[in-house]
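This chain uses plain numbering: 1 for the first residue, then up along the sequence. Because only heavy atoms are used, hydrogens play no part in the values below, and waters and symmetry mates are left out as well, while side chains stay in.
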Amino acid sequence: MADIYTIRKNRIQSGCFPGFVPAENEFFRASPHEAEHYVYLKAVDSGVIDAEWGRLRTDLRYSEDMIFYLRAVALNEDSFYRRGEPVRIQDFLCDPKESPAVKREFFDRVGALRTVNRTDILLYGLRGRYLYLMLEVDGEGSCAFSTITIDRQGDNFMNTFPGVYQERNSFFHRYMSVFSSMYNDFEGKIDSLPQLLDPGKCPAALLPMYASWLGLDVGDDFLDETVLRPLVKEAYTLNRMKGTKAALERIGEIVLGQKVQVLERNVMADYIEPEQMREFEKLYGDSAYDVTVLVKGSATQLEISRLLFLMEQFKPVRARLHIIRMEKSGTLDHYSYLDMNAGISDRGPGSLDEKKTLDGAVRLSE
């Protein structure tokens with residue numbers, strides 16, 4: 001089994017990537033304000049002296065007018081002397097103060113492999129414990145990448161042939177790597193199939209289908225991924241709680257990211273005096289089937305619509321839902337006005353200007 005190294009967003013961020021900016025879904029995108037874009041990574045440590053490296057794949061997409069350079073070198077040393085002082089190679093490469101020209105010269109001096117406009121390459125000529133990479137994209141246009149995958153074997157078939165055919169980096173070795181690459185890609189897709197059924201990792205496009213399997217109506221693009229993914233993950237538990245107060249409260253947390261308070265009219269009548277209850281009926285309804293959801297803080301109309309849409313699927317059969325937003329400050333509609341003597345003030349700390357003083361009879365308290 002080959003050693004496979006996958007470099008994703010967290011590891012790329014620990015390196016140096018001038019000209020690129022992080023984006024969603026583990027992507028890095030080229031900054032439109034820069035003409036040159038670089039990625040310098042920390043060393044990939046195989047843990048083996050004179051390790052042999054196989055295939056490297058980069059999930060890179062760039063415009064036709066752009067040029068992509070990849071430099072790779074394998075060394076047994078993790079440091080070198082510069083100006084008489086020992087310097088770790090990965091610290092030197094990931095130092096944003098060092099110019100790209102100096103780093104490019106370093107790769108050229110140590111005999112690095114250099115490719116142009118190739119995202120899938122063989123590293124058969126490299127041998128060393130540490131693998132160092134430099135990616136460079138020049139030109140104007142759109143460019144994005146997410147992962148870099150490296151394996152040390154490069155092929156699966158060479159060991160099945162007689163020893164005379166197992167010369168590394170020979171024509172026959174590289175020829176067999178074509179079929180080995182197809183086999184590895186196919187094997188990788190098979191290994192990733194379980195992720196397609198994982199609501200936490202599957203593509204967002206599959207979530208509405210999984211929701212329908214679990215009896216949830218999520219509408220057509222009505223719910224975004226931030227709501228849809230946790231909803232599908234908890235659909236089984238929510239279905240078991242359907243028709244209960246706990247289900248409505250949990251849906252409120254999923255949609256709004258905060259707890260909501262669910263008040264049941266028929267329960268309130270058990271502990272509130274009848275005279276006071278008649279006043280509350282103006283707000284909480286007058287029927288035993290009325291259920292009121294109190295939302296603290298601000299919530300957009302879209303969030304309220306999503307909340308009501310989902311709660312309707314989990315409420316008791318005859319219940320009538322009412323959602324009330326309890327914002328911290330009041331609002332005036334378009335038909336309200338203030339008289340000439342009215343004013344709006346916000347209670348805050350007092351202040352004194354430069355010409356005001358306090359005598360002995362005045363006291364400040366908190």
Check whether any side-chain N or O of [X] sits under 3.5 Å from a backbone N or O of [Y] as a donor-acceptor pair, and report yes or no.
X    : Y    : answer
W53  : R129 : no
T58  : L60  : no
R118 : Y69  : no
R8   : S146 : no
D45  : Y130 : no
H322 : T292 : no
D138 : F68  : no
K9   : A23  : yes
D95  : D91  : no
E264 : V291 : no

Pair [X]-[Y], side-chain donor/acceptor within less than 3.5 Å:
X    : Y    : value
D65  : S63  : no
Y236 : E234 : no
R318 : Y289 : yes

Cationic N near anionic O, under 4.0 Å, [X] to [Y]:
X    : Y    : answer
E253 : R250 : yes
R55  : D120 : yes
R306 : D224 : yes

Non-hydrogen atoms of [X] and [Y] that approach each other most closely:
X    : Y    : value
P199 : L207 : O-CD2, 3.9 Å
A211 : V232 : CB-CG2, 4.0 Å
K42  : C94  : CG-SG, 3.8 Å
G139 : H37  : O-CE1, 3.7 Å
L214 : A235 : CD1-CB, 3.4 Å
P22  : Q13  : CG-NE2, 3.7 Å

With a distance cut-off below 6.0 Å to the six-membered ring centre and an angular limit of 45° from the axis, does R88 pair with F92 as a cation-pi contact?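 The answer is no, since R88 fails at least one limit relative to F92.
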
Would K103 pass as a cation-pi partner of Y40, given that its NZ or CZ must be under 6.0 Å from the six-membered ring centre and within 45 degrees of the axis?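 Yes; both conditions hold, so K103 lies above the ring face of Y40.
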
Contacts of P96 that satisfy side chain to side chain contact (heavy atoms under 4.5 Å, CB included) - sequence neighbours left out: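 Partners of P96 under the side chain to side chain contact (heavy atoms under 4.5 Å, CB included) test: C16.
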
Given side chains that start at C-beta, do those of [X] and [Y] come closer than 4.5 Å, heavy atoms only?
X    : Y    : result
E36  : Y38  : yes
I148 : R57  : no
Y5   : T149 : no
F20  : C143 : yes
K315 : R320 : no
F107 : L93  : yes
T147 : F27  : no
D78  : I89  : no

[X] side, atom [atom1]; [Y] side, atom [atom2] - distance, nearest 0.5 Å:
X    : Y    : atom1 : atom2 : result
L70  : N117 : CG    : CG    : 11.0 Å
F145 : I7   : CZ    : CD1   : 9.5 Å
I304 : L302 : CD1   : CG    : 10.0 Å
K296 : L256 : NZ    : CG    : 13.0 Å
N76  : I49  : CG    : CD1   : 4.5 Å
M66  : S142 : CE    : OG    : 7.5 Å

Please determine which of Q258, E303, Q261 meets the side chain to side chain contact (heavy atoms under 4.5 Å, CB included) test together with V295.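 For V295, the side chain to side chain contact (heavy atoms under 4.5 Å, CB included) check succeeds only for Q258.
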
Give me the one residue out of V227, V262, V260, L310 that meets side chain to side chain contact (heavy atoms under 4.5 Å, CB included) with I251.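 Only match with I251 under side chain to side chain contact (heavy atoms under 4.5 Å, CB included): L310.
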
Mind checking whether [X] and [Y] sit in one hydrophobic cluster, side chains of I, L, V, M, F, W, Y counted as touching below 4.5 Å?
X    : Y    : answer
F17  : L56  : yes
V73  : I150 : no
L126 : L41  : yes
M209 : L216 : yes
I121 : L131 : yes

Has R29 got more than 12 heavy atoms of other residues, nucleotides or ligands less than 6.0 Å from its CZ?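 No, because the 6.0 Å sphere around CZ of R29 holds 12 heavy atoms or fewer from other groups.
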
Please determine whether the number of non-hydrogen atoms from other residues, nucleotides or ligands lying under 6.0 Å from atom NZ of K242 exceeds 12.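 Atom NZ in K242 is crowded, with more than 12 foreign heavy atoms closer than 6.0 Å.
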
Start with the C-alpha gap between C202 and R229, add the side-chain angles, then the distance that decides, and say whether side chain to side chain contact (heavy atoms under 4.5 Å, CB included) holds. CA-CA 9 Å; C202 71; R229 195 173 293 277; 4.1 Å; yes

Y132/F106 aromatic ring centres below 6.0 Å: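 Y132 vs F106: aromatic centres not under 6.0 Å.
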
What about the rings of F172 and F161, do their centers lie closer together than 6.0 Å?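 Centroid distance F172-F161: below 6.0 Å, so yes.
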
Does the side chain to side chain contact (heavy atoms under 4.5 Å, CB included) test come out yes or no for F314 and N239, once each step is laid out? CA-CA 8 Å; F314 288 89; N239 279 328; 3.8 Å; yes

Under the side chain to side chain contact (heavy atoms under 4.5 Å, CB included) criterion, do F309 and D217 qualify, and how do the steps go? CA-CA 9 Å; F309 176 74; D217 180 11; 3.8 Å; yes

What verdict does the side chain to side chain contact (heavy atoms under 4.5 Å, CB included) test give for L238 and M241, after you've listed the backbone C-alpha separation in whole Å, the side-chain angles of each residue and the deciding distance to 0.1 Å? CA-CA 5 Å; L238 290 172; M241 298 190 300; 3.9 Å; yes

D108/R71 under salt bridge (Lys or Arg N to Asp or Glu O under 4.0 Å): CA gap, chis, key distance, verdict: CA-CA 9 Å; D108 294 338; R71 290 176 172 84; 3.7 Å; yes

